[in-house]
Amino acid sequence: MLACLLRPADAAGGERICELAARSIRWDHFLEVVRSHQVGVLVSQRLEAEAAEIIPRETLAALRGDAVQNARLCFQNFSELVRLSRLFRATGIEYRVLKGAPLAIFAYGDLTLRGAGDIDLLVDAEEVAGADNVLCAAGYLRTEPAAQLTPRRMRSYLAYQKDFSYEHPEQGTAVDLHWRLFRNRRLPLNSGARRAGIAWVQAGSQEAPVLPWRRAFLYLCIHGALDGWLRIKWLADIRALLDKFPPTELDSTMQEAAEHGILPEVSAAVLLCEQKLGFNRRPVGCLDPGDPAVARIVRFANRLMATNDFCPVRELVPTTAWFINEFSLRSSFKYRVQIIGRSVFRPRVWERVSLPDWLFPLYALLGPIEWVGFRIQRKKAKAFASRNRSAKTMSKRGLVSRFFGLAPADAALLLEAALSLTFFRIALRFIAFQRLAAWMGRHSSGPGLPPGEEMRRAIRRVEWAVEAVARHAPFTFVCFPQSLAAYFMLRRRHVASKLFYGVARENQVLKAHTWIKVGERTVVGGEAESRFTVLAVFP
């Protein structure tokens, strides 16, 4: 993945990609990593150019599907941003667009090359109520915080948090409304819209107001340090912006970072780009990798990127790790008091215990208690999942005896399903799916079964066999080989079926899925079918 993100995209980099692609790679896990770090479009573009004949067709098709879905979401967000811009201008509310479409246009030169996310808008604190009214009138529902905001809770939320989250129930678009850049008011460069400055990016027929790009770069470096550079997508943005700055401007940007006391965060971002994305133009004033503050940021980022088998999930990182990371970025007393205050007055507690405003200070006592309860509940959930895995392992010991106790016809059907799944799992690495589909079509002879009990029985048995083998096999069969095996087995029994390929966005990550249908009945993959948009149907 990192080889595909290296800049510039030269011939040596292409040879390196081909060398890596020719190795024994778990391509299903590769897709998970790429989607987790939200860089699928950039990776897909490079693989198409350098190694399209080497990587499995299934993987390439999934990346293409992800790119198509991302483009659709980018244009949807862009259109919604234009609509919201008109509404804000009509009410006279000054705002800035953070990241999103303007950043993609400026840094990459193409709206669709950056992974689509939510729309981030920055206003001034005194404009929050008016901006909230604009979004609600535009059809948005506020989703975060989930608790009711009484006057006292609102004052606390505005003091310790930085944004509200909204979602449009029909369009599915999400908006974060910021009144400052960072939650901690004591962080340098923290401000609302007016004090942040303004620049303009041409967005279609209109111009979008954004932070001046040097200010935006510094903001992204602090944002990355606070969030442990959990997504390579954020680092790719920094790398793209570094290429936009001429050497003299980059040097002056480092000088400005030093004046504001954020040189460790900016230096860590530059050094991470050196380590992972091929940046080789270290600016004057950049701190050495051995600097204690820089080393701590880089070490924390590298640890987080590798969590969960290189598919980091923010919720799986202990809250103590986030607390220590943010606490260590500054030694200022007032800065650290802000962090402790935010930890004590957690909005999550308001959802569990609703106190009247005159008892609001009691939340300072309930906060630590709720945190301990939350930790215990999470540990219990992990222990329960672990026990389930152990029970599943124990139950598999009796699989062999159960298999030999089956009727001969059922045992033969399971063997057929196992061979089919294994064949297609291997074949998808070397043979284009279209060739497989064409081959199966040529080898389905005889008239189809007429609708009736015989057809329903054949469908039920194929469904049972594929699901049973996939569930108990010692290795994973993802949806694609399951769908192809079911398709092949049904055609052998003269049952006409269709294979559907679709994509969907879940938790800001693009995912692909295949399923098999006979008429209106879904045979394989039906548990997630409704969440996916169909891109192709075979045959």
Determine whether the aromatic ring centres of residues Phe75 and Phe78 are separated by less than 6.0 angstrom. no

Check whether the side chains of Tyr95 and Ser85 place a donor and an acceptor atom closer than 3.5 Å, and report yes or no. yes

Any donor-acceptor pair under 3.5 Å linking the side chain of Arg336 with the backbone of Phe327? yes

Does any N or O in the side chain of Lys276 come within less than 3.5 Å of the main-chain N or O of Leu2, such that one atom is a donor and the other an acceptor? no

Backbone of Leu181 reached by a side-chain donor or acceptor of Asn190 within 3.5 Å: yes

Test applied, salt bridge (Lys or Arg N to Asp or Glu O under 4.0 Å); reference residue, Glu274; option that passes from Arg282, Arg281, Arg7, Arg239: Arg282

side-chain contact (heavy atoms from CB on, under 4.5 Å), that's the test. Do Ser343 and Tyr160 meet it? Break it down for me. CA-CA 9 Å; Ser343 301; Tyr160 291 118; over 6 Å; no

Under 3.5 Å donor-acceptor, Thr91 side chain and Phe88 backbone: yes

Does NZ or CZ of Lys162 lie under 6.0 Å from the centre of the six-membered ring of Phe182, at an angle within 45° of the ring axis? no

Under 4.0 Å between a Lys/Arg side-chain N and an Asp/Glu carboxylate O for Asp124 and Arg96? no

Looking only at side chains, do Arg296 and Asn325 share a donor and an acceptor under 3.5 Å apart? yes

Does Thr59 use its side chain to pair, donor to acceptor, with the backbone of Ile55 at less than 3.5 Å? no

Ion pair Asp237/Lys99, N-O distance below 4.0 Å: no

Are any side-chain N or O atoms of Asn308 and backbone N or O atoms of Val313, one a donor and one an acceptor, separated by less than 3.5 Å? no

Side-chain H-bond candidate by donor/acceptor type, Arg153 with Ser354, under 3.5 Å: yes

Indicate yes or no: at least one non-hydrogen side-chain atom of Val82 is less than 4.5 angstrom from one of Glu80. no

Any side-chain donor paired with an acceptor under 3.5 Å for Lys334 and Asn184? no

Tell me, with the steps shown, if Met305 and Trp229 meet side-chain contact (heavy atoms from CB on, under 4.5 Å). CA-CA 7 Å; Met305 289 178 192; Trp229 294 106; 3.7 Å; yes

Side chain of Asp176, backbone of Asp163: donor and acceptor closer than 3.5 Å? no

Which one of Leu304, Val298, Ile297, Asn302 satisfies the side chain to side chain contact (heavy atoms under 4.5 Å, CB included) criterion with Phe300? Leu304

Nearest heavy-atom neighbours spanning Pro169 and Gly139: CD-O, 3.2 Å

Which word best sums up how the rings of Tyr140 and Tyr166 line up, parallel for under 30°, tilted for 30 to 60°, or perpendicular for over 60°? perpendicular

Return yes if some donor-acceptor pair links the side-chain N/O of Thr253 with the main-chain N/O of Glu249 below 3.5 Å, else return no. yes

Does a salt bridge link Glu48 with Arg64, judged by any charged N lying under 4.0 Å from a carboxylate O? yes

So, do Phe345 and Tyr157 have ring centers that fall under 6.0 Å from each other? no

Polar side-chain atom of His178 near backbone of Leu98 as donor-acceptor pair, under 3.5 Å: no

Please confirm whether the backbone N or O of Pro312 pairs with a side-chain atom of Arg231, one donor and one acceptor, at under 3.5 Å? yes

